[in-house]
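Since we're looking at a predicted model, the values are computed, not measured.
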Amino acid sequence: AKLKLPSDYTSTPLELAGVGIRRKNLYLFEMDIYKVGVHLSPNALKRAKKWCKDKSSETESGNNDTPQKSIAETILSHTKNEVDTSPIIAAITLNFVREFPSSMLNGGFDEILNGLSRELINEFSDNVSNSIGQHGVLLTDYITFLWHSEHGIMFMKNGIIGGKLKNEVL
């Protein structure tokens with residue numbers, strides 16, 4: 001499946017690279033929060049496949065002494081020989097399976113961003129809040145985080161861009 005983006009930002013659809021579901025353990029039961037899809041540009045997908053192949057070869061040979069970039073660093077890095085027809089490198093889309101107020105969503109992102117500076121977490125949370133609005137998300141809403149080669153992370157709710165954050169740490 002290909003992810004279609006606003007025409008201002010891409011000319012090449014992104015390829016679906018992976019899917020999953022976020023569950024939260026609430027002591028006695030688990031609750032589904034959202035379904036997630038990871039979409040990559042054709043070049044980012046090639047880099048991800050190569051990273052997986054190299055990682056597998058390292059494991060099989062027992063030669064894992066060389067520090068390797070994380071898969072995220074690999075996906076977001078450009079090589080000099082690549083020609084991208086789209087400035088969008090990657091996208092993560094969250095399709096919500098229940099309704100959440102804005103405050104609850106930001107608390108969840110704070111948990112994910114733990115270890116980063118409070119200033120950066122606040123900036124990220126502000127962008128999420130601006131994108132999703134004061135009412136939070138409804139059952140049919142989806143939020144997309146786009147990694148853009150020039151603008152950094154772009155935040156969208158239901159296909160509408162609501163914020164941008166350019167920071168090398170993210």
Chemist: Taking atom CD as the centre, does Glu30 end up with more than 12 heavy-atom neighbours from other residues, nucleotides or ligands that are less than 6.0 angstrom away?
Modeler: yes

Chemist: According to side-chain hydrogen bond (donor to acceptor under 3.5 Å, both in side chains), who are the partners of Arg23, at least two apart in sequence or on a separate chain?
Modeler: Asp32

Chemist: So, do Ile89 and Arg47 sit near enough that their side-chain heavy atoms are less than 4.5 Å apart?
Modeler: yes

Chemist: Would you mind reporting whether Ile92 and Thr144 have side-chain heavy atoms less than 4.5 Å apart?
Modeler: no

Chemist: Go through the structure and list residues passing side-chain hydrogen bond (donor to acceptor under 3.5 Å, both in side chains) with Lys50, not counting sequence neighbours.
Modeler: Asp54

Chemist: At their closest point, which heavy atom of Gly163 faces which heavy atom of Ser131, and how far apart are they?
Modeler: N-OG, 3.6 Å

Chemist: Do you reckon Val38 sits in the same ILVMFWY cluster as Tyr142, going by side-chain contacts under 4.5 Å, direct or chained?
Modeler: no

Chemist: By side-chain hydrogen bond (donor to acceptor under 3.5 Å, both in side chains), which residues pair with Lys35, not counting sequence neighbours?
Modeler: none

Chemist: Got Leu165 and Glu123 here, is their nearest side-chain heavy-atom distance under 4.5 Å?
Modeler: yes

Chemist: Does Phe145 reach the side chain of Phe155, with side-chain heavy atoms less than 4.5 Å apart?
Modeler: yes

Chemist: Is there side-chain contact between Arg98 and Met31, with heavy atoms separated by less than 4.5 Å?
Modeler: yes

Chemist: Indicate, with yes or no, if Ile33 and Val36 share a hydrophobic cluster defined by side-chain heavy-atom contacts under 4.5 Å among Ile, Leu, Val, Met, Phe, Trp and Tyr.
Modeler: yes

Chemist: For Tyr34 and Ile21, work out which heavy atoms get closest and say how close.
Modeler: O-CG1, 3.3 Å

Chemist: Mind checking whether Asp141 and Ile143 have side chains closer than 4.5 Å, heavy atoms only?
Modeler: no

Chemist: Would you mind telling me which of Lys166, Met154, Lys164 makes a side-chain contact (heavy atoms from CB on, under 4.5 Å) with His148?
Modeler: Met154

Chemist: Can you tell me how far CZ of Arg22 sits from CZ of Phe96, rounded to the nearest 0.5 angstrom?
Modeler: 10.5 Å

Chemist: Check the hydrophobic clustering (I, L, V, M, F, W, Y; side-chain heavy atoms under 4.5 Å; chains of links allowed) and say if Leu14 and Ile160 are grouped together.
Modeler: no

Chemist: Could you check if a side-chain atom of Leu40 sits within less than 4.5 angstrom of a side-chain atom of Glu15, using non-hydrogen atoms only?
Modeler: no

